[in-house]
Amino acid sequence: LTRLSSSSPLPRRTLFFPSPPGPRRLPQPTAMSVPKSAKMLQFINCRMRITLDDGRTFVGKFIAFDKHMNLVLSDTEEFRTVKLKKKAEPAPDAADGAPAPASSAPKTQQIKRALGLVLLRGE
């Protein structure tokens with residue numbers, strides 16, 4: 001076995017790749033990646049609607065955000081949809097003896113609440 005000293009040059013390999021036939025093409029410009037914060041800055045002082053995972057919706061003026069995507073909204077209103085409880089079955093009609101037809105779709109109601117200044121937790 002021969003040992004190579006650190007001062008001895010190592011053999012180098014050069015790889016040549018043939019260029020494709022035809023005219024040379026310049027690389028196409030790629031879309032610059034814009035950070036999230038730059039995209040969010042354009043919405044400052046705009047009225048926004050934000051829907052949470054639990055179905056609530058907040059509508060308010062977007063004031064601030066941070067690196068965790070916490071959002072601050074002012075003059076905020078909360079909207080949530082609530083299913084109404086079923087009332088007791090009505091007594092059968094005395095005339096024909098059949099109960100009144102029940103609707104198959106559950107009844108819902110949208111509740112609105114004024115909250116004011118709100119901080120919504122981000123990621």
Side-chain angles (χ1 to χ4, degrees):
L1 292 172
T2 59
R3 186 173 173 173
L4 295 173
S5 68
S6 61
S7 63
S8 67
L10 294 175
R12 294 186 182 171
R13 291 187 183 178
T14 306
L15 299 175
F16 293 98
F17 296 101
S19 58
R24 278 186 100 168
R25 294 184 183 175
L26 295 175
Q28 296 295 321
T30 58
M32 289 182 58
S33 61
V34 180
K36 274 194 238 181
S37 60
K39 291 178 184 177
M40 293 294 286
L41 280 171
Q42 67 183 341
F43 297 112
I44 294 287
N45 292 326
C46 291
R47 196 141 173 89
M48 295 187 78
R49 176 183 302 156
I50 296 150
T51 303
L52 303 182
D53 291 337
D54 62 0
R56 290 182 294 169
T57 302
F58 289 90
V59 178
K61 185 178 177 185
F62 179 45
I63 292 181
F65 67 99
D66 63 5
K67 66 180 181 180
H68 304 290
M69 214 44 72
N70 295 319
L71 304 177
V72 179
L73 302 175
S74 70
D75 302 324
T76 308
E77 296 173 330
E78 174 193 29
F79 296 92
R80 58 190 178 112
T81 304
V82 181
K83 293 179 184 175
L84 296 176
K85 294 181 181 180
K86 292 183 180 178
K87 294 183 180 178
E89 289 289 325
D93 244 353
D96 59 0
S103 63
S104 60
K107 301 218 176 187
T108 59
Q109 179 182 9
Q110 189 164 23
I111 298 175
K112 175 182 169 183
R113 207 168 52 148
L115 299 177
L117 191 66
V118 173
L119 179 123
L120 295 173
R121 187 171 187 271
E123 298 177 39

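Predicted model only: the values in this text are computed from it and were never measured.
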Novice: Write out all pairs satisfying salt bridge (charged side-chain N to carboxylate O under 4.0 Å, His left out) with one or both partners inside residues 55-74, taking only residues at least two apart or from two chains.
Specialist: D54-R56, R56-E78
Novice: Can you sort out the partners of K112 under side chain to side chain donor-acceptor pair (under 3.5 Å), two or more places apart, ordered by chain and number?
Specialist: E77
Novice: Tell me, please, which residues at least two apart from D53 pass side chain to side chain donor-acceptor pair (under 3.5 Å).
Specialist: none
Novice: Once side chain to side chain contact (heavy atoms under 4.5 Å, CB included) is applied, do any residues pair with A38, and if so which ones, sequence neighbours excluded?
Specialist: V34, P35
Novice: Output all residues satisfying side chain to side chain contact (heavy atoms under 4.5 Å, CB included) with T108, sequence neighbours left out; order by chain, then residue number.
Specialist: T81, K83
Novice: Apply side chain to side chain donor-acceptor pair (under 3.5 Å) to D75 and list each qualifying residue two or more places apart in sequence or on a separate chain.
Specialist: none
Novice: Determine yes or no for a side-chain-to-main-chain donor-acceptor pair under 3.5 angstrom, with T76 supplying the side chain and L117 the backbone.
Specialist: no
Novice: Would you mind listing the cluster partners of F79? Hydrophobic ones only (ILVMFWY), side-chain contacts under 4.5 Å, chaining allowed.
Specialist: V59
Novice: How is the hydrophobic cluster of I111 composed, in terms of its other members, when Ile, Leu, Val, Met, Phe, Trp and Tyr link through side-chain heavy atoms under 4.5 Å apart, directly or indirectly?
Specialist: V82
Novice: Remaining members of L41's ILVMFWY cluster at a side-chain heavy-atom cut-off under 4.5 Å?
Specialist: M40, F43, I44, M48, I50, L52, F58, F62, F65, M69, L71, L73, L115, V118, L120
Novice: Among all residues two or more places apart in sequence or in another chain, which pass the side chain to side chain donor-acceptor pair (under 3.5 Å) test with R47?
Specialist: none
